[in-house]
Amino acid sequence: MTPPAPPRPPAPWQVVVALPIPALDFAAPHGYGGAVPLGCRVLVPWRGDLAVGLVVSEGEGGAGTHRLREAVHILDDEEGPWVPPATVRAVTAWAQDARLPAGLVWGDLLGVGWEADLDHRVRAVAGADLGAFGARAPTRAWADAAAFAPGLLDAVREQGLLEEAFRPRPRTRPVVRARPLAEVPAGARRVTVLRAAPQAPATLTPKGRVAWSWLAQHGPQPTLSAWARGAGVGAGVVSGVLNAGGAGYALEDAPPPPAWTWLREVGPAESLSAWAAGASADGVALTPTMAGTLAARGWADTVPVPASPPALPAPEAAWTTPDPDRLPEAPAWRLHGGRPLGRFRTLAPRVLRLLAEERGVLVLAPDHATLRRAWEGLSGLATAAGTRAVQVSGALSGVEREHSWQLIRSGGAGLVVGSYLALTAPLPDLALVVVLEEGSDAYKLQSGSRAFVPDVAARVAAAHGAELALVGGAPAAESVPLPGAVLPPPRARVHVVDYANPPEQPELGPLSGVHLTPGDLGYPISHDLARLLRQVQERGRQAALLAPRRGYSALLRCPSCEHTPGCRNCDVPLRFHQTTRQLTCHQCGYHESVPDRCEQCGERMWKARGPGTEWIAAEVAKLAPGLPVYRCDRDRQDDLAPLHAGESGVVVGTQLLLSGQAPPNLALIGVTLADTWLNVSDFRASERYHRLLRQLAEWHPERAPLIVVQTFQAEHPALRVMVEGKDALAYPAAEERARQALGYPPHARLAQVEVAARDAGKAQVAAQDIFDALHGAGATAGEVLGPAPSPVARLRGVYPYHLLLRARDDARLAQLLGSLDRPWKARVRVDVNPRGGL
DNA sequence: AGCACGCCGACT
DNA sequence: GTCGGCGTGCTC
């Protein structure tokens, strides 16, 4: 008979907080006997206070060098985990492979639930003497925790002498309301006024007498200057009357300000600025500053009101007779081509079937425009299947997102359409993850983790045993090898203006034969495009011109010495903005006015190079006078309402233009300089260019506007497939084969290691150390490229060096990254599956 | 990320 | 003598 094993202490938990640090171990709360609450949020002691954390795994245990603190409270127990355990495992494993601190990744990917609004009460445990903690320590009576210093509570807690009770508080949102008149401080309701004395003093001058009788007749005035202005005398006269006793200050009831009356009648406002905007719209003048002043004086205050569920656009009606399901049956598959509506229609039967089986479907969109279209195209399916659709995205407020999250978790919503913030949504039985436009760079998170959302989505889907569907206008080269379906391309008419091979020109001037410049075809707007713009004007139609950049020009150049003004913080040229006469860094935002003269040679003239939206818009105004020109870029977003109402005009914009709806009468789309999309040192540049052309072709939901592409590379295959009417797979398939030859994704997995320090030499040495460490760990010459100074040699004052790791698969990449897992003498960041600027 | 600790230069 | 720069390290 073996003696019974002594009771094992419960396993510690690994908990992440939303900070860029690894998960930390905590002991289970005192007396907790259940399993590790994977995916639940917990309150943990943190820096003398409490913080919300997420339980991501069972802790290592045993090897603990210090006594673990106990988690204080489990936030999600009865209603189930906040994040499904399978999702927790997938995301945490991805973070581990990418050598990223778990907290950094979770902070990025979990956008809901890091703040807990709790009713928190405390008391001393029975028999505890808290006298040593001072007079302001908890007693046996329950009391609000807010009454004690957090640090003191933590000390009592650590001693195990604190009993705590938590209750969720209903979520509220703050609104600005008009204070009841009785509550407005008397000081705000009464004003000081100048009032005429009953009798004019005898000593008054003639002008003083005039001023006195004016005041006596017109009633009290708020200020001396108002009195003087009204009486038509100087400021000296009225103060003379005041000093002589002909007038005095008095307190008087003020009428409530009109803005207060407005707020009382219309109802609470969401914010001070909303109050100002609302009142102004109704003709009650109120600036945000004035609103703030009124609130400070006590006319309005901010009160919490219960939060209401998010107002979502109503789901669109689903197709009454869904098409048969022709989609592949595979763990991962793709669907591309056609138009967005056609793709959603093809997707519908599969989504409908899964929803009807009460399983969960998650649809991820890279940007707001795609999200909106997906909602319009798919949300109705939820209603048809007897469930609900919800959104989770940054467009919703925190409280609204929490509402969506709770609804999903309770099984009340089977279809989730959202941004990357929806990736970890607690769908009870996830069956399908749809990643829309999987090649979009917008999926690359710019924040700390630099996660590429489709990568993580694939791991989440796999962990749930759910299907992964990649759906969009054109597949990424990475998707090509998957089984899939391609819809016929939308009708597209593409006209190419070939700047590299201008046709013979019959009328050449005296300089003919010296050199042929793009100017011969018309630059930056070709004669062809100009002619088409005038046609658009004559026929009352609409056009859109896509310029490669905002601002007036790419850069200024000195005509005599070729010097280009650059940014002080970053090694990039400053962009020239005509209207503000400013040079701006599009990297860090630094700006200065245009220098009078070249700092190298003293030349006073500048030459603009590389047309931006501002320049193109000015050019259109010249070439088609009278045609309304609108602009749409990050700097300036004109009101496009007249265009959407069908009026004739042309809109000049950057790619931002495509995130809006196409104008209804769109007949012409011009790409003013297509080469800009290709002249990027990034192996994905041509794929991106192809995707842009496909986006242009499907921008208008029904029409096929003429697309004019001005380029020096008229024979580029990404463009040729469009001209020849090939399908959406043709170019990516060719690209995928080319990537095989070059050893690029999908035939390799890349990671960029960024080594940065304020001192360039330090960064270089550290980069070399890392290079040596990788080779020491068995990396081959083909697997480590670099180190090289970053293409932008200096960014915001730091000097980054880059190493590129190229592994055959995820496992090998994780292995290589493993040898970076120790401290270096510079800041080291890993970017798995980097995009842009390679 | 914050925040404390710690080590060296310019000032009341 | 202190004030304050930001380099380094820690958060269970």
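In this text the structure is predicted, and so the values were computed from the model without any measurement. Throughout, protein chains are lettered first and strands after them, A, B, ... in sequence-line order, and every chain is numbered starting at 1.
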Measure the distance from CZ on A:Phe26 to C1' on C:dT11 and round it to the nearest whole Å.
8 Å
So, A:Glu478 side chain and A:Pro745 main chain: donor-acceptor pair closer than 3.5 Å or not?
no
Answer yes when A:Asp97 and A:Arg459 have at least one side-chain N-carboxylate O distance shorter than 4.0 Å, and no when they do not.
yes
Round to the nearest Å and state the distance from A:Leu104 atom CG to B:dA1 atom C1'.
10 Å
Starting from C1' on B:dA1, measure out to CG on A:Leu100 and report it in whole angstrom.
15 Å
Spacing between A:His73 atom NE2 and C:dC12 atom C1', to the nearest angstrom:
19 Å
Output the rounded distance in Å from CG (A:Leu68) to P (C:dC12).
11 Å
d(CH2, A:Trp46; C1', B:dA4) in whole Å
15 Å
In whole angstrom, give the distance that lies between atom CG of A:Asp154 and atom C1' of C:dT11.
12 Å
In terms of relative ring orientation, are A:Tyr32 and A:Trp13 parallel, tilted or perpendicular, with 30° and 60° separating the classes?
perpendicular
According to the interplanar angle, ranging from 0 to 90°, do the rings of A:Trp46 and A:Phe26 count as parallel (below 30°), tilted (30 to 60°) or perpendicular (above 60°)?
tilted
To the nearest angstrom, the CG-C1' distance between A:Leu19 and C:dC12 comes to 13 Å
